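Below: one structure in C-alpha cells.
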Amino acid sequence: QQAEASRLSFQIFCDIFLSSSRPPLAMTERRLGKEAAEPVKETADLENIVPAPIDRLGDAGSWCRERLLACSLYGTPLLVAVQRYRTPTCTAFMKAAGILGEEEFYTVIICFLIWVVEVRLALLFGALMCMGFIVANFLKNFLRLPRPASPPVKPLVRLNDWGFPSHHSLNGVALPWYLYFYVCEHWQLTALQQTVSFFAVCIWSSLVMFDRLYLGVHSPADVLTGGFLGCALLAVFMQFDAVVESILTTKEMLWSLPVWAILLTLAHPDSGRPTITRLETVSLLGIVVGFAIAENRIKQRYPVMLSLLEMPMETDVSMHKIVAMAVARVVLGMILLESARQIMKMIFRPLVFYTMKAIFGDKVYACSKLPKSTVSFYNKKNYRLPGSEKAFDEESSSDLLISENEKSHRYSNTFTDDHIDADIPVKLIVYILTGWVGMEGIPYAFQLLRLTL
C-alpha cells in the first residue's frame with residue numbers, strides 16, 4: 001500500500017506538472033480511480049471547486065496555482081515515508097516540540113522580553129512576528145491551497161486553514177534567528193555563549209519545521225517555502241529594523257499606525273471558508289499598535305519604567321534574586337494581562353456587535369460564533385481548482401445541465417460576500433488595548449508592587 005501510494009503521488013505530480021495538453025485535474029481524477037471519475041454531483045461541485053483571489057489574474061494565476069498544487073502533491077511520498085516511523089514516544093515529543101512554533105509561545109517570549117530583558121528587543125520582535133503573520137496569512141488566503149493529500153497522509157492534528165505556505169516555518173526561521181543576531185550584535189557574549197546560542201537556535205528552528213512534516217499537516221513545499229520566506233523577511237528586517245523602530249516610536253507617526261492597521265486588514269484576502277487567519281493578522285497588528293502607543297507614552301511620562309535587566313542594580317544582587325524576580329514578573333504579568341484581555345473582550349464584543357448590527361443589519365456576523373467548518377482543508381480526491389469542470393464535461397454530459405447561475409455560485413465566496421465580520425474590529429480594539437497594557441500598564445503595576453531590583 002505504501003509503495004502504491006508513492007507511485008500514485010509521483011504519477012499525479014508528473015501528470016499535473018509536466019503535461020499541458022490536458023486539464024491537470026482531469027488527469028488527477030483518473031489516477032485516483034473510478035470513483036473519482038464518476039459524474040460529479042451538482043451539490044458536490046458547489047463545495048469541492050475552490051476558487052481563490054489569485055484566479056482573478058487569469059491564466060497566469062491559474063497556471064501558478066496548478067503548479068504550486070503539483071509541488072505540494074510531489075512531497076506526498078516523503079510524508080508517507082515519515083509516518084511509517086511514527087511511534088507513541090516520538091509523536092508525543094513532536095507534539096510538544098510544536099509548541100515552539102505556536103503563537104502562545106511567542107506571546108510568552110514577548111512578555112518575557114518586555115518585563116525582564118529589553119523593551120526595544122520586545123518591540124522589534126513583535127513587529128517582525130506581525131510581519132511574518134501578514135505575509136504567511138496573506139499568501140494562504142490568496143492561494144487557498146490545501147494541506148497534504150489525506151489519504152495517503154494521516155495527519156495527527158486537524159487544522160482549519162489553508163496550507164501554503166507554513167507560517168510556523170516562516171516564523172520558526174525569522175524569529176529565533178532574529179533573537180540570535182540581535183543578541184550577538186548588541187550584547188557582549190563570549191565565544192562559548194555564542195556557540196551554545198547558535199546550536200540552540202538551530203535546534204529550535206529545525207524542530208519547528210520538521211514537526212510540520214512529522215505531524216502530516218504541511219507538505220515539504222509548504223515548509224520549504226515558509227522557511228525561504230522567513231529567511232527573506234529576516235534579511236530585509238535586519239537592514240531596516242532601526243527604521244521600523246523609528247516609525248513605531250515617533251510621535252508624529254503614532255496616529256497613522258491605526259489607519260495602516262485598518263488598511264492592511266481591508267487588503268487582507270478572505271479565506272473563502274471560516275478560518276482564523278485574518279483574525280490572527282488583525283490581533284498582531286493591534287498588539288504592535290498598542291506597543292507603539294505605550295512606548296510613546298513611556299518616553300514622555302515614565303522614563304524609569306524599564307525591563308528588569310535594564311534597571312540599575314546593586315553589585316551584590318544575587319542571581320537567585322534576579323531569577324526569582326523574573327519568574328514573579330512573568331507569572332503575575334501573564335495573569336494580569338490575560339485577565340485584562342478577557343475583561344476587554346467581554347466589554348467590547350457585545351458593544352461592537354450590536355452597534356454594527358444596528359447600522360448594517362443582517363449583514364453583520366461573528367466568525368467566532370460560526371460552527372466549525374465541516375469542509376476539510378486537507379487535499380482530498382474531490383479538491384478541484386476552478387476550470388476543472390471542463391474536464392468533467394469531456395466525460396459526463398450531466399454537468400452540462402448545470403445552470404449558469406449555479407456555475408457562477410461556485411466561484412462566489414461561501415460566507416462573506418456581502419457580510420461583515422464583527423470580530424475584526426473587536427479584535428483590533430481589544431488587542432490594541434492588550435498591547436498597551438502589556439507594555440505600559442503591567443510594568444507600572446510592577447513599580448507599585450515593588451517588583452524591582
Side-chain angles (χ1 to χ4, degrees), residues 8-32 36-37 40 45-79 135-149 161-167 169-170 218-229 232 267-273 277 376-396 399 402 404 407-414:
L8 178 63
S9 300
F10 179 73
Q11 188 60 57
I12 291 174
F13 167 77
C14 292
D15 284 345
I16 294 179
F17 197 76
L18 303 179
S19 175
S20 59
S21 59
R22 303 181 66 184
L25 291 168
M27 293 181 288
T28 303
E29 295 293 338
R30 289 184 176 87
R31 295 293 178 186
L32 289 172
V40 183
D45 269 353
L46 299 179
E47 184 176 292
N48 299 333
I49 295 180
V50 181
I54 194 175
D55 296 331
R56 298 170 187 170
L57 300 180
D59 292 339
S62 299
W63 180 91
C64 179
R65 198 171 177 218
E66 288 174 1
R67 270 50 188 181
L68 290 174
L69 179 59
C71 291
S72 178
L73 289 171
Y74 186 60
T76 302
L78 176 61
L79 298 179
V135 171
N137 288 339
F138 184 96
L139 289 176
K140 278 176 182 275
N141 291 355
F142 188 66
L143 298 170
R144 293 183 190 172
L145 291 174
R147 293 178 180 271
D161 63 341
W162 299 112
F164 186 93
S166 167
H167 82 268
S169 298
L170 192 157
H218 278 294
S219 69
D222 301 342
V223 173
L224 290 175
T225 304
F228 172 79
L229 291 173
H268 197 286
D270 190 74
S271 60
R273 296 174 182 175
T277 48
S376 176
F377 287 87
Y378 290 80
N379 197 343
K380 302 290 186 179
K381 291 191 298 184
N382 54 6
Y383 177 89
R384 302 183 183 106
L385 302 181
S388 60
E389 67 272 15
K390 298 177 183 178
F392 304 115
D393 289 344
E394 297 175 359
E395 299 179 1
S396 172
D399 192 57
I402 300 176
E404 289 299 320
K407 286 189 176 183
S408 64
H409 179 69
R410 296 176 182 177
Y411 301 93
S412 67
N413 193 301
T414 55

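In this chain, residues are counted from 1 in sequence order. This one's a predicted model, so the numbers in the text were calculated from it and none came from an experiment.
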(request) Compare every heavy atom of Pro165 with every heavy atom of Gly226, then report the nearest pair and how far apart it is. (result)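 Closest approach of Gly226 to Pro165, heavy atoms only: N-CB, 4.0 Å.
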(message) Show the nearest heavy-atom pair for residues Ser219 and Leu79, with the distance to one decimal.
(response)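 Smallest interatomic distance, heavy atoms only, reads CA-CD1, 4.0 Å.
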(request) Starting at CG of Leu170, measure out to CG of Asn137 and round the result to the nearest 0.5 Å. (result)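 If I round to the nearest 0.5 Å, the distance is 10.0 Å.
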(message) Measuring from atom CG of Asp55 to atom CZ of Phe142, what distance do you get when rounded to the nearest 0.5 angstrom?
(response)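 So the gap between those two atoms works out to 9.0 Å.
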(message) If we ignore hydrogens and angles and just use 3.5 Å, is the side chain of Arg56 paired with the main-chain N or O of Gly61 as donor and acceptor?
(response)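 Between the backbone of Gly61 and the side chain of Arg56 there is no qualifying donor-acceptor contact (under 3.5 Å).
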(request) Check whether any side-chain N or O of His218 sits under 3.5 Å from a backbone N or O of Gly163 as a donor-acceptor pair, and report yes or no. (result)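 Here the side-chain-to-backbone pair exists.
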(request) Calculate, to the nearest 0.5 Å, the distance between atoms CZ and CG belonging to Arg144 and Asp161 respectively. (result)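 If I round to the nearest 0.5 Å, the distance is 13.0 Å.
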(request) Working to the nearest 0.5 Å, report the span between NE2 of His167 and CG of Leu229. (result)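 If we round to the nearest 0.5 Å, His167:NE2 and Leu229:CG are 13.0 Å apart.
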(message) Please enumerate all residues that pass side chain to side chain donor-acceptor pair (under 3.5 Å) together with Asn141, with sequence neighbours excluded.
(response)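 Asn141 satisfies side chain to side chain donor-acceptor pair (under 3.5 Å) with Thr277 only.
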(message) Within this structure, what is the CG-CH2 distance for the pair Leu139 and Trp162, rounded to the nearest 0.5 Å?
(response)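 CH2 of Trp162 is found 15.0 Å from CG of Leu139.
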(request) Side-chain contact test, heavy atoms from C-beta onward, threshold under 4.5 Å: evaluate it for Ser169 versus Leu224 and give yes or no. (result)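 No, too far: nothing below the 4.5 Å cut-off.
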(message) Within the 3.5 Å criterion, strictly below it, is a donor on Asp59 or Ser62 matched to an acceptor on the partner's side chain?
(response)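 Side-chain D/A pair, Asp59 to Ser62: absent.
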(request) Report the distance from atom OG of Ser72 to atom CG of Leu143, rounding to the nearest 0.5 Å. (result)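 So the gap between those two atoms works out to 11.5 Å.
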